[in-house]
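Please read the structure below before turning to the comments.
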Number of protein chains: 2
Amino acid sequence: MFIQTGFRQQTNSSACRTMSPDVPALLAHTCPSAVSLYTPNSEIFAQGERAGPLYLVEFGTVRICRLTADGRRQISAFHFAGEVFGFEYGTEHHFYAESVDSSGIRVLRPRLDDMMADAILPLALKSLTRAQEHLLVLGRQNAAEKMAAFLLDLADRQGNTSVIDFSMQRNDIADYLGLSFETVSRILTRLKLAKVISIPHVKQIEMLDIEALEDLRG
Amino acid sequence: MFIQTGFRQQTNSSACRTMSPDVPALLAHTCPSAVSLYTPNSEIFAQGERAGPLYLVEFGTVRICRLTADGRRQISAFHFAGEVFGFEYGTEHHFYAESVDSSGIRVLRPRLDDMMADAILPLALKSLTRAQEHLLVLGRQNAAEKMAAFLLDLADRQGNTSVIDFSMQRNDIADYLGLSFETVSRILTRLKLAKVISIPHVKQIEMLDIEALEDLRG
DNA sequence: CGAATTATTGAAACATGTCAAGGATCGTGG
DNA sequence: CCACGATCCTTGACATGTTTCAATAATTCG
C-alpha cells in the first residue's frame with residue numbers, strides 16, 4: 001500500500017507551508033525517515049496496533065478514524081501538510097489512520113533523549129484543543145453550522161484564500177461532522193443557493209460571503 | 001466563590017482512590033498549593049483567562065465547558081477525584097471550568113525544571129484519547145447509546161460498583177452528551193422500564209443489566 | 001413548611017436520516 | 001481519445017429520533 005521513496009530526503013521537511021513552529025522543535029528530537037508514499041484509502045496504522053512513532057504529513061491528507069461495532073464511522077481529525085499525528089496514551093493505537101488521497105508521510109522515531117516530551121507536548125496540546133472544539137461542533141451545532149465551521153477551518157488551514165480545495169469526499173466530511181453524506185450535499189446546495197458559497201467543482205468551494213459563514217459558525 | 005483551607009495540606013494528595021499512576025509523577029514536579037474549596041456552580045477558571053497552572057481534583061466534580069454565541073453549552077469533560085485538568089495549548093484557556101458540586105481543588109504550579117513536560121505529557125495524552133472517544137459518542141451514537149456510554153464510563157471511574165452516584169444534574173448530562181435534558185430524562189425512564197437500570201434516587205442509578213448497557217454502547 | 005429549582009411526562013414541530021432514483025465524475029482499457 | 005463501468009454526488013419523498021413547548025411532579029433549600 002505504500003512505497004518508500006528511493007532517495008533519502010533531507011532532514012529538513014519540505015512540508016513548510018502551514019507548518020507550526022512546534023514541528024521543527026520536534027524534528028530536532030527524532031530520527032526522521034524517508035517519505036513514504038500512500039495511495040488513496042490506504043492504511044497508515046491500524047486500531048489496536050502498537051503505537052510509538054509519530055507521523056509528519058509532507059503532502060496530502062490523512063484521516064483519523066474509529067468505527068462503532070455496527071460500522072458507523074467517526075473521523076476525529078484530518079491532517080494536512082506540516083501536521084503531526086499518531087500521539088497515543090499507552091502503547092496501543094485507539095484509532096486508525098488512513099491516507100485520504102495520495103499522501104507522503106514521514107515517520108518520526110523518537111530519539112529517547114530528555115527533551116522529547118518537551119517537543120511533543122505542545123503538539124499534543126494543540127490536538128487536544130482541536131478535539132475539544134470539535135466536541136462543541138458535534139454536540140451543539142446543527143448541520144449548517146457544522147458545515148460553516150468545517151469550511152472556515154479548512155480555509156484557515158489552507159492559508160486563508162477564499163477558494164478551498166477538498167481532498168476528501170462528501171462521505172468523509174459527513175463522518176467528520178456527524179452527518180449523513182446526503183445532508184452534507186443538501187447543506188452545500190443550500191449555501192450555494194443562498195450565494196454564501198459557489199461550487200466551481202465538486203472538490204472546490206469558493207466562499208463568497210465569509211461573514212455569513214462566520215455568523216453561522218457562531 | 002472559593003475558600004482556601006487554613007491548614008496547609010500534605011503534599012501527598014489525598015485524592016488517591018482513582019488516581020492514575022501519572023499523577024504522582026506530576027506532583028513531584030510541581031509546587032502543590034493548599035486545597036481550595038469551591039461551592040457548587042462556582043467558576044474555577046474562565047474562558048480567555050491566562051492559563052498556566054494545572055488543577056488536581058481532591059474531591060468533588062468539575063466540568064469543562066464552552067458556550068456557543070447564542071448560549072448553547074457543551075461540556076467536554078467531567079473530572080473527578082484524582083484527575084488533573086487545565087492543560088492548554090498556548091497561554092489562554094479555550095474553555096472554562098466550574099465546580100459541579102462542592103469540590104476541593106489543588107493548584108499545581110509547575111516548577112520549571114526539565115522533567116515537567118515528561119510528567120504532563122501522559123496526562124495530556126489521556127485527555128486527548130478521552131476527547132477523541134467522546135467525539136465518536138457525540139457524532140455517531142443515538143441518545144440511548146450515549147447514555148449507556150456515559151453510565152459505563154461513570155461506573156468505571158467510580159470503581160466499578162453497579163451503583164452509580166451522580167454529582168451532576170440532568171442538565172449537565174445533557175450538555176455533555178449533546179442532548180436536551182428532557183431526552184436524558186426520557187432515556188433513563190426507558191432504561192428503567194426495560195429493567196436495565198433502576199433509579200433508587202434522582203442522583204443514584206443502579207445498573208441491573210450491565211451486558212445490555214455494553215451492547216448498547218457498542 | 002413553602003418557594004424555588006430540578007425532573008418527568010406528553011403532544012406537536014422540526015431537523016436529519018433513510019431509501020431510492022437519476023446525474024455527474026473519474027478511471028480504465030480498447 | 002472515446003466509451004464504458006464504477007464510484008461519487010445530488011435530489012426527492014418519506015420515516016424517525018430528538019427538540020421544543022407546556023404542564024405536572026418531585027426534590028432541595030431556606
Side-chain angles (χ1 to χ4, degrees), chain A residues 39-42 61 63 68 70-75 100-102 137-150 164-194 197-205 216, chain B residues 39-42 61 63 68 70-74 100-102 137-148 150 164-194 197-205 216:
Chain A
T39 55
N41 301 309
S42 57
T61 307
R63 60 177 173 247
T68 62
D70 58 343
R72 286 167 285 173
R73 183 179 67 159
Q74 177 66 41
I75 296 179
V100 172
D101 48 4
S102 291
V137 173
L138 290 187
R140 286 297 179 218
Q141 312 245 89
N142 62 31
E145 293 166 339
K146 286 176 176 180
M147 199 67 222
F150 179 67
I164 305 166
D165 291 296
F166 289 84
S167 46
M168 67 291 289
Q169 49 191 42
R170 301 291 187 264
N171 209 349
D172 292 316
I173 301 172
D175 286 349
Y176 179 69
L177 295 177
L179 299 170
S180 67
F181 65 87
E182 294 97 330
T183 297
V184 167
S185 190
R186 273 186 262 264
I187 296 292
L188 287 176
T189 55
R190 179 133 60 91
L191 290 174
K192 185 175 68 180
L193 292 175
I197 62 173
S198 70
I199 310 183
H201 182 76
V202 184
K203 297 230 168 173
Q204 197 172 60
I205 285 182
L216 256 181
Chain B
T39 56
N41 302 308
S42 57
T61 307
R63 59 178 174 246
T68 62
D70 59 345
R72 285 168 287 173
R73 182 180 67 159
Q74 177 65 40
V100 171
D101 47 5
S102 291
V137 173
L138 290 187
R140 286 298 178 217
Q141 311 245 88
N142 64 29
E145 293 167 340
K146 287 176 175 181
M147 200 67 221
F150 179 67
I164 305 167
D165 291 295
F166 288 85
S167 45
M168 67 291 288
Q169 51 192 43
R170 300 292 186 264
N171 207 352
D172 291 316
I173 300 173
D175 286 350
Y176 179 69
L177 295 178
L179 299 170
S180 67
F181 63 86
E182 294 97 330
T183 297
V184 167
S185 190
R186 273 186 263 264
I187 296 292
L188 287 176
T189 55
R190 181 136 56 93
L191 290 174
K192 185 175 67 179
L193 293 176
I197 62 173
S198 71
I199 311 184
H201 180 76
V202 186
K203 297 231 168 171
Q204 198 172 59
I205 285 183
L216 257 181

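A, B, ... follow the sequence lines: proteins, then strands. Residue 1 opens every chain.
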Base versus backbone protein contacts along nucleotides 11-17 of chain C [heavy-atom cut-off under 4.0 Å; B, S, -]: B----SS
- request: Could you check R170(B) against L188(B) for side-chain contact (heavy atoms from CB on, under 4.5 Å), going step by step and ending with a plain yes or no?
  value: CA-CA 10 Å; R170(B) 300 292 186 264; L188(B) 287 176; 3.5 Å; yes
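- The distance from atom CD of E145(B) to atom P of dT16(D) is 17 Å, rounded to the nearest whole Å.
- Q169(B) CD to F181(B) CZ: the interatomic distance, rounded to the nearest 0.5 Å, is 10.0 Å.
- If you measure from atom CD of Q169(A) to atom C1' of dC8(D), you get 6 Å, rounded to the nearest angstrom.
- In this structure, the helix from dC1(C)-dG30(D) to dG30(C)-dC1(D) shows an angle of 50° between the axis at its start and the axis at its end, each fitted on 5 base pairs and rounded to 10°.
- Rounded to whole angstrom, the span from the CD1 atom of I173(A) across to the C1' atom of dT10(D) amounts to 14 Å.
- V100(B) approaches S167(B) most closely through the heavy-atom pair CG1-O, 3.4 Å.
- One can place NZ of K192(A) at 9 Å from C1' of dT10(D), the figure rounded to the nearest angstrom.
- Pairing each heavy atom of V137(A) with each of A149(A), the nearest pair is CG2-CB, 4.2 Å.
- Summarising the geometry, the separation between CG on L177(B) and P on dG17(D) is reported as 18 Å, rounded to the nearest angstrom.
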query: Can you list the steps and then say if H201(A) with D165(A) is a side-chain contact (heavy atoms from CB on, under 4.5 Å)?
result: CA-CA 9 Å; H201(A) 182 76; D165(A) 291 296; over 6 Å; no
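- The pair D172(A)-R73(A) counts as a salt bridge, with a side-chain nitrogen and a carboxylate oxygen less than 4.0 angstrom apart.
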Would you tabulate the nitrogen or oxygen pairs shorter than 3.5 Å linking the protein to nucleotides 22-30 of chain D?
from	atom 1	to	atom 2	distance (Å)
dT28(D)	OP1	H201(B)	NE2	3.1

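- The structure places CD1 of I205(A) at 8.5 Å from CZ of F150(A), a figure rounded to the nearest 0.5 Å.
- Of all non-hydrogen atoms in T183(B) and A143(B), the two that sit nearest each other are CG2-CB, 3.8 Å.
- Going from atom CG of D175(A) over to atom CZ of R140(B) covers 4.5 Å, rounded to the nearest 0.5 Å.
- In this structure, the CE atom of M168(A) is 15 Å from the P atom of dC8(D), given to the nearest Å.
- Taking atom CG on L188(B) and atom C1' on dT6(C), their separation rounds to 14 Å, with Å as the unit.
- Computed from coordinates, the Q204(A) CD to dT25(C) C1' distance equals 15 Å when rounded to whole Å.
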task: Walk me through it: do I173(A) and M147(A) pass the test side-chain contact (heavy atoms from CB on, under 4.5 Å)?
output: CA-CA 9 Å; I173(A) 301 172; M147(A) 199 67 222; 4.1 Å; yes
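- In this structure, N142(B) and R72(A) approach most closely via the heavy-atom pair N-NH1, 4.4 Å.
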